Every structure is written in structure tokens, then in C-alpha cells.
Amino acid sequence: MGSKGTVVLVRLAAALSGLVLALGGAVAAAPAAHASPQACFCTVLERHPQADPEVAEHACLTGAPGTEEALRSCYGQLRRDHVPAVIAFGACRRAPQEEW
């Protein structure tokens, strides 16, 4: 891929990041497929092994109800443990319990 292709990909990534930030609560409130506190926990530790397992467990259990407030709390706890924003956001989206 040439430099023009790289520039296009960088711009696309920036635009998508902006969209995610703009949608904020609506995106964060949407449950991810195969969601559970365990999926959240595994996501954190697989993608950021330096994370404190106790912090990750507590954050993921906090996010389990799936409310916007719960997901924000989950995200905040992970960020305070220096989990990168993208990983924390993705993990917390996986935290809500699946409805059967």
C-alpha cells in the first residue's frame, strides 16, 4: 500500500474515533456479543497483561448491570489502572450480563 493508502487509513481511523467519541453514551450502552463480566476480564488481561487482576475483576463486575453509569464506572476504574482507553472501552462493553 502506498503512502496515499496509508494517509486514507489514518484519516478513516481518526474519523471513526471522532464518531465513537461523539456517540459516547449510546455506543457505550450497547451490549457486545458474548458479553459477560468474564469476557470483560479476559479482554483486559489478554490485551493488557500489566493490568491488576483485582482491579479488572472489580471493574468488570461493576459494568455487569450494563447501564450507562455502570459502564462509565467500569471504564474509569480500568483507566485509573492505566489500561489503554481502547482496551478499557472494549472490555467494559463486554461486561454486561447476557439476557437469556
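Just so you know, these numbers come straight off a predicted model, no measurement behind them.
- The two residues A64 and P37 have their closest heavy-atom pair at CB-CG, 3.7 Å.
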| field | Stepwise side-chain contact (heavy atoms from CB on, under 4.5 Å) check, Q77 with T62 | value | CA-CA 9 Å; Q77 290 175 46; T62 299; 3.3 Å; yes
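- Under the side chain to side chain donor-acceptor pair (under 3.5 Å) criterion, no residue pair touches residues 78-91, with sequence neighbours excluded.
- The two residues A56 and V44 come nearest to each other via the heavy atoms CB-CG1, 3.9 Å.
- Taking every heavy atom of both residues into account, L45 and A51 meet most closely at CD2-O, 3.8 Å.
- Contact annotation: the side chain of P96 approaches that of L71 to within less than 4.5 Å [non-hydrogen atoms, C-beta and beyond].
- With rounding to the nearest 0.5 Å, the separation of CG in D52 from NE2 in H58 is 12.0 Å.
- To the nearest 0.5 angstrom, F89 atom CZ is 12.5 Å from L78 atom CG.
- At a threshold of 4.5 Å between side-chain heavy atoms, the hydrophobic network of Ile, Leu, Val, Met, Phe, Trp and Tyr places F41 and L61 in two separate groups.
- Sorted by first and then second residue, the side chain to side chain donor-acceptor pair (under 3.5 Å) pairs involving residues 38-47 (not counting sequence neighbours) form an empty list.
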| field | Candidate pair C40 and C92, rule disulfide bond (SG atoms under 2.5 Å apart), full reasoning | value | CA-CA 6 Å; C40 169; C92 290; 5.0 Å; no
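- Checking E69 against S73 by side-chain atom types alone, no donor-acceptor pair falls below 3.5 Å.
- Evaluation of the side-chain hydrogen bond (donor to acceptor under 3.5 Å, both in side chains) rule for Q50 yields H48 as partners, not counting sequence neighbours.
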